[in-house]
A.B. asks: 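Let me begin by handing over the structure; questions about it come next.
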Amino acid sequence: MNIETKPPSFADDLFGPARIVPVLVPLPTERPYSYVVPEGMQVEPGSIVQVPLGPRQVAGVVWDEPDGGPPEATLDPKKLRPIVHAFDCPPLSADMRRFVDWVADYTLSPTGLVVRMALRAPSAFDPEPWIEGLALSGTRPTKLTAARERVLDVAGKSESWSRSGLAKAAGVTSSVVDGLAKLGAFNTVRIPPPPVVAAPDTGHERARLSAAQVAAAEPLKASVAAGGFSVTLLEGVTGSGKTEVYFEAVAAALDAGKQVLILLPEIALTQSFIDRFGQRFGTEPAQWHSDLPPKTRERVWRQVAEGRVRVVAGARSALFLPFRELGLLVVDEEHDPAYKQEDRTFYHARDMGVVRARIGGFPAVLASATPSLESRVNAKASRYAHLKLASRFREAALPDLELVDMRNHPPEKGRFVSPVLIAAIRDTVLRGEQALLFLNRRGYAPLTLCRSCGHRIQCADCSTWLVDHRLRGVLQCHHCGFARPRPQSCPECGTFDHMVACGPGVERIAEEMLETFPDARTILLSSDLVGGPKRLRRELDAVADGQADIVIGTQLVAKGHHFPKMTLVGAVDADLGLANGDPRAAERTFQLLHQVTGRAGRSGLASRGLIQTFQPEHPVMQAIASGSAERFYEREAAERERAGLPPFGRLAALIVSADTRREAEDHARALRRAAPPDDAVEVLGPAEAPLALVRGRHRFRLLVMGGRQARIQAFLRATLAEAPAPRGSVHVQVDIDPQSFL
DNA sequence: TGGCAGAAAAAC
DNA sequence: TTTTTCTGCCAC
């Protein structure tokens, strides 16, 4: 039985050669590496293991044997290195492993990089240590104060307590507990680490739903009860109570013993969502986002893997958490561009979420007031079920929407807010309510011009205009981040005091408001606010709390927060973004304006939305003013059909560098600038590029640039008979069929 | 020909 | 991602 003392060669003779398993390591590698399983170590596919990699050690995942057994050995099995350690951690589920493989394949990313996203919690792979707890010893101190009585009383209600938990439960400070401990009232015992969040209680406070909400919630609950893969698009105007509707599906999944993931755009992960969840389920959901403290991050990861955490509310990266029994996925604000990750591994969390649901065989719910065109099309084609909530919940009325034709109501010279909007702001502030001015442009002015020679200050690297950021005193490039101090004289002709700021940014609108309404409390909300996201969150809370009269904000004010006193919303330059060649320009503008005007009037007060535009006849403006999303979608569908475009679609570009990675990055930058923002531009090294080309799913066009490398040329000649013989660096544009993920 | 920086390849 | 190896270039 005990073979450990025998020499390994003897054991080999007896039991055959050492077991070799594939291990996927977190590197840009397409396939797992092979490692030897040491005698006596138990591993299975999904096990998380520590392996040597070159001179260092990394955590990897034991992967599945490829179909048809291991490929012929490329390495001498005798030279393979052994696994160092198998972590005491639940293995990644088979679903999760299939998901990682699928995402890698679909996004053309090395599998190792995708698995890395699932392992983003260093040192969560070993169990959390048990902590020291207290249990009543039975000895009662002679001197008993009221506080001490209470502690002993409460302590009797459970086997064991953590020091702070007991103090909190008894409503005393921990010094009272410490004092009792010193007198021998407790034995110390080892207790398991506390959960990061309490278990949700699905019966905590059942929501009182309107008839429309019930009508939407029932089919969702039914699809959860039925189990199996399905996708439902839940479309409801702002304030229609979508969240409460999908909470019913969440409750149903929890009652069925499943874990639930609610994806939110990063910015929407605010206290208001947490609070609403708390009201319904009596506890917070576990949160997952990029600025989680490392310790919390590890505990959440671990407890999700163990199944102790039942609900996660997270940003897109939460999709790669190691759920063991995920049974429902909700993607809130499914149209939000923040779901698309555009560095390293390119993926769209909403679409990959649908894939996760398909692989796991459970329902997905996509919720939005302004769904993306692709989800609309998928719903229309019956790939997704479609539920609509047409009216607002309870007394909350939709705002009166009005287009302000800027040709008829021009602002004063040097100003940007029309008299119509100024008057409305005045009324609003006088009533003690709040006004929101929305302008999707950071900084003070998008262009600085020399009135003497006409020079426009441009970025040294990108030749785009530098944006004047007056609060920080710099001119900054919004493409590459290049910044320079604001010059006193023209850098071209040297003339002093002739530099003039052109066009509005939020800082400039704030200045205009301060001048027009010097007594009002004006607050500026922008993502580049000094003080970072923490300060921003505070400011948003302050606005919600009524501590401002006039709020000026970029698109970050469009979502998440509920501002009860906000009864006027003005879009300063609604046309912005319509003319930039982005194939999603109309869609994005519509979504943004619809959302931002929806900030008004959710509390029963009469409210208005004023949209400043130079083209009130534009279909997007007409759709916005009508308050009907339907109108926009129909219009857009007809437009695309007439233009011979697919109903929706994304364009990606792969850039194959023949020369150097650096050169490829340069090309990529150039292409990103030239291409509409929604295009994904991916850079591949020579080794990865051919792989991308031969994957059958894509159609591509070739654009041949200058360069040298023969290997790629030969490959391309052989692979793409119809392509012109490339002379070096190759740009490959790839149309990804956006429906192929189903 | 040794030394060096920057680029490319390898990591099992 | 980190570490090692390769390559071209220069000075000696």
Side-chain angles (χ1 to χ4, degrees), chain A residues 8 12 17-39 41 43-66 69-87 97 100-101 104 107-125 290 294 317 320 341 343-346 655-669 682-692 706-715 728-730:
Chain A
D12 276 2
R19 188 153 83 102
I20 294 167
V21 290
V23 174
L24 199 51
V25 288
L27 299 178
T29 165
E30 291 290 339
R31 57 173 188 83
Y33 290 169
S34 300
Y35 287 88
V36 173
V37 183
E39 203 75 38
M41 181 184 282
V43 295
E44 57 180 306
S47 295
I48 299 177
V49 292
Q50 183 86 348
V51 291
L53 188 73
R56 67 214 163 98
Q57 294 193 350
V58 296
V61 182
V62 176
W63 218 242
D64 305 76
E65 293 287 352
E72 71 281 18
T74 45
L75 281 172
D76 181 358
K78 291 209 173 67
K79 287 197 176 144
L80 295 181
R81 302 163 76 181
I83 294 172
V84 174
H85 173 63
F87 290 103
R97 300 193 306 274
V100 167
D101 280 333
T107 62
L108 307 172
S109 315
T111 320
L113 284 191
V114 179
V115 87
R116 202 172 65 145
M117 296 195 285
L119 297 178
R120 283 267 172 84
S123 79
F125 310 136
S290 57
S317 58
F320 293 93
Q341 166 149 323
D343 59 289
R344 292 201 180 90
T345 303
F346 289 56
I655 298 182
V656 182
S657 166
D659 278 279
T660 62
R661 188 111 193 155
R662 165 80 64 83
E663 186 188 328
E665 302 277 12
D666 287 344
H667 288 319
R669 251 195 301 282
E682 163 79 291
V683 180
L684 300 175
E688 303 145 288
L691 260 174
R708 306 183 209 97
Q709 211 189 49
R711 204 173 114 212
I712 296 282
Q713 290 178 19
F715 178 86
S729 300
V730 182

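Remember, predicted model here, so these are calculated numbers, not experimental data. Order of the sequence lines sets the chain letters (A, B, ...), proteins ahead of strands, with each chain counted from 1.
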A.B. asks: Of the candidate nucleotides dT4(C), dT1(C), dC12(B), which contains the atom at the shortest distance from the side chain of L27(A)?
C.D. replies: dT1(C)
A.B. asks: Please give, in whole Å, the distance from dC12(B) P to R31(A) CZ?
C.D. replies: 11 Å
A.B. asks: Mind checking P52(A) for me? I need base, sugar-phosphate or nothing, with any heavy atom below 4.0 Å counting as a touch.
C.D. replies: sugar-phosphate
A.B. asks: Let me know the distance between CZ of R120(A) and P of dT1(C), rounded to the nearest Å.
C.D. replies: 9 Å
A.B. asks: Identify all side-chain donor-acceptor contacts of residues 50-59 of chain A below 3.5 Å with residues at least two apart in sequence or on another chain.
C.D. replies:
| from | atom 1 | to | atom 2 | distance (Å) |
| --- | --- | --- | --- | --- |
| Q50(A) | NE2 | Q57(A) | OE1 | 3.3 |

A.B. asks: Check for a donor-acceptor pair, side chain of R97(A) on one end and backbone N or O of P45(A) on the other, with a separation under 3.5 Å.
C.D. replies: yes
A.B. asks: Rounded to the Å, how far apart are Y33(A) OH and dA9(B) P?
C.D. replies: 14 Å
A.B. asks: Could you list the residues that satisfy ring pair (Phe, Tyr, Trp, His ring centres under 6.0 Å) with F320(A), not counting sequence neighbours?
C.D. replies: F99(A), Y347(A)
A.B. asks: E30(A) has an atom CD; how far is it from atom P of dA11(B), in whole Å?
C.D. replies: 16 Å
A.B. asks: Using whole Å, what does the distance between atom C1' of nucleotide dA11(B) and atom CZ of R116(A) come to?
C.D. replies: 15 Å
A.B. asks: Rounded to the nearest Å, what distance is computed from the CZ atom of residue R81(A) to the C1' atom of nucleotide dA10(B)?
C.D. replies: 12 Å
A.B. asks: Hey, are the side chains of L27(A) and R116(A) touching, using non-hydrogen atoms and a 4.5 Å cut-off?
C.D. replies: no
A.B. asks: Measure the distance from CD1 on I83(A) to P on dC12(B) and round it to the nearest whole Å.
C.D. replies: 13 Å
A.B. asks: Taking atom types as they are modelled, would you say the side chain of R56(A) forms a donor-acceptor pair with the base of dT3(C) within the 3.5 Å cutoff?
C.D. replies: no
A.B. asks: Nearest whole Å is fine: how far is dC12(B) C1' from L24(A) CG?
C.D. replies: 12 Å
